[in-house]
There are 2 protein chains.
Amino acid sequence: MRISKKTEYAVHSILYISNKNRCVLLDELAMQGISREYLAKVMRMLTKSKILKSSVGVNGGYVLARTADMITLEDIFNAVEGENFYKCEAEARRCVLGEDCRLSAIFQDAREKFLEELRKYTIADIISGLDSELSWLKAEVT
Amino acid sequence: MRISKKTEYAVHSILYISNKNRCVLLDELAMQGISREYLAKVMRMLTKSKILKSSVGVNGGYVLARTADMITLEDIFNAVEGENFYKCEAEARRCVLGEDCRLSAIFQDAREKFLEELRKYTIADIISGLDSELSWLKAEVT
DNA sequence: GAGAGGATACTCGGATAGATGCTGTCCGAGTAACTGGGG
DNA sequence: CCCCAGTTACTCGGACAGCATCTATCCGAGTATCCTCTC
């Protein structure tokens, strides 16, 4: 079980946009060292999940769809990580657990605990904890 | 982020062994409909993690290495799911979060919450909750 | 009856291959703003 | 000054390829038990 790079790309890009507080181009985000085209897909997921708003055409780009204190890590995680967490295949086999398989419920509960933890942190929280000297976030990209 | 079939195979096999309370053959476990050779690899992981004890040769097979109430779902999960949960790639890029990346710590904490939940359930707990009528676990394999 | 040696029944573990999802790339389509020319 | 058409600057989204991991299969190696033969 692992968290994909999509989540990291998404969080970092949202932090960047939030800090700039203006419409940000895909090219600018990709300067973090992320594959531009791949990042584009991640940005589209975030747009579809209503975390970002995008505008196409000249002067287009991405802005937050709501304020940074209303965007949690859980929101981002749910937007980019698939929902295929666990599916008991009892139907397909002679399942040990009979018809009322509890395993699936237990794993879902555990996943919920995981999400609860992520829900505690907003983008605003993380930005306020940043060391402004070390972060390139504070500097304009040249 | 998803849980692999290995975990399901492992839990179901351990439940079976625990209920039989004797040395169980790989072939018998594979009758659940699991690929025999693949299951063998999962069983080896469980053996290496000291959850099962295996004996080779005639009259060989698998037994629990400790009682069912001392085996939690967390034990099983850790035995079969890899440890590559999340690794911040900040070093490889101009990371938004500077040197003190909190993201990694947050995800580890969330994972810990996930494991805490799994830790609440032992094999004994799950077996005691089984509906004995519905479960093939109670019947001898013919 | 006892010991030796072979047959048997298992797990171990490496090699391999297909399936699936992650990561990255390419490119045409669509869209909105800007620009320049004609009325 | 205004409108229209063309250009430009973006995102959207489908197609594709490489790769890692998951899942599955195959098979020889190793090992412990059982059986049989011989004395």
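Labels below follow one simple rule: chain letters A, B, ... track the order of the sequence lines, proteins then strands, and each chain is numbered from 1.
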Trainee: Starting at atom CZ of B:Arg2, determine the distance to atom C1' of D:dA20, rounded to an integer number of angstrom.
Mentor: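 Rounding to the nearest Å, CZ of B:Arg2 and C1' of D:dA20 are 14 Å apart.
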Trainee: Starting at OH of B:Tyr62 and ending at P of D:dA32, how long is that distance when rounded to a whole Å?
Mentor: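 Value for this atom pair: 15 Å.
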Trainee: Could you report the tightest heavy-atom contact between A:Leu26 and A:Ala40, atom names first, then the distance?
Mentor: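 Closest approach of A:Leu26 to A:Ala40: CD2-CB, 3.6 Å.
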Trainee: Give the rounded distance in Å between these two atoms: CE of B:Met1 and C1' of D:dC22.
Mentor: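 Distance check: B:Met1 CE to D:dC22 C1' gives 17 Å.
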Trainee: Is the phosphate of D:dA24 approached by B:Tyr9 (side-chain N or O, under 4.0 Å from OP1 or OP2)?
Mentor: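 Yes, because at least one side-chain N or O of B:Tyr9 sits under 4.0 Å from OP1 or OP2 of D:dA24.
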Trainee: In whole angstroms, how far is the C1' atom of D:dT8 from the CG atom of A:Asp27?
Mentor: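 Nearest whole value for this atom pair: 14 Å.
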Trainee: Between B:Ser54 and B:Thr47, what is the shortest heavy-atom contact and its length?
Mentor: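 Between these two residues, the closest heavy atoms are OG-CG2, 3.7 Å.
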Trainee: Given that A:Arg36 and B:Ile3 both sit by DNA chain D, which one's nearest nucleotide is further toward the 5' end?
Mentor: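 The answer here is A:Arg36.
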Trainee: Check whether any side-chain heavy atom of A:Thr7 sits under 4.5 Å from a side-chain heavy atom of A:Glu81, and report yes or no.
Mentor: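 Answer yes - side chains close enough.
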Trainee: Can a cation-pi geometry be assigned to B:Arg111 and B:Phe85, taking NZ or CZ under 6.0 Å from the six-membered ring centre and within 45° of the ring axis?
Mentor: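 Here B:Arg111 passes the 6.0 Å and 45° test against B:Phe85.
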Trainee: Write down the distance between CG (B:Leu39) and P (D:dC22), rounded to a whole number of angstrom.
Mentor: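 So the two atoms are 16 Å apart, to the nearest Å.
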Trainee: On DNA chain C, compare the nucleotides closest to A:Ser35 and B:Gly61; which residue's is nearer the 5' end?
Mentor: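 Nearer the 5' end of the strand: B:Gly61.
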Trainee: Whole-Å distance between D:dA24 P and B:Leu29 CG?
Mentor: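 Nearest whole value for this atom pair: 15 Å.
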Trainee: Given side chains that start at C-beta, do those of A:Ile76 and A:Leu118 come closer than 4.5 Å, heavy atoms only?
Mentor: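 No, too far: nothing below the 4.5 Å cut-off.
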Trainee: Would a 4.5 Å heavy-atom cut-off, applied to side chains only, mark B:Val11 and B:Leu15 as touching?
Mentor: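 They are in contact (side-chain heavy atoms under 4.5 Å apart), so the answer is yes.
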Trainee: If I take atom CD in residue B:Glu8 and atom P in nucleotide D:dA24, what distance separates them, rounded to the nearest angstrom?
Mentor: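 B:Glu8 atom CD is separated from D:dA24 atom P by 11 Å.
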Trainee: Are B:Arg102 and B:Asp109 close enough for a salt bridge, meaning some N to O gap below 4.0 Å?
Mentor: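 Looking at B:Asp109 together with B:Arg102, the answer is no, because their closest N to O distance does not fall below 4.0 Å.
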Trainee: Go nucleotide by nucleotide along DNA chain D from the 5' end; which of B:Gly57 and B:Asn84 gets its closest nucleotide reached first?
Mentor: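 Final value for this comparison: B:Asn84.
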Trainee: Contact between B:Arg119 and B:Leu73 at the side-chain level, heavy atoms closer than 4.5 Å - yes or no?
Mentor: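 Not in contact.
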Trainee: Residues in ring pair (Phe, Tyr, Trp, His ring centres under 6.0 Å) with A:Tyr86, at least two apart?
Mentor: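 Testing A:Tyr86 for ring pair (Phe, Tyr, Trp, His ring centres under 6.0 Å), a comparison that skips the adjacent residues, returns A:Phe107.
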Trainee: Could you give the start and end, 5' to 3', of the contact zone on DNA chain C for chain A, using atoms under 4.0 Å from its heavy atoms?
Mentor: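 Under 4.0 Å from chain A, the extent on DNA chain C is C:dC22 to C:dC34.
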Trainee: Walk along nucleotides 13-19 of chain D from 5' to 3' and tag each nucleotide B, S or - by protein heavy-atom contact under 4.0 Å, base first, then sugar-phosphate.
Mentor: BBB----
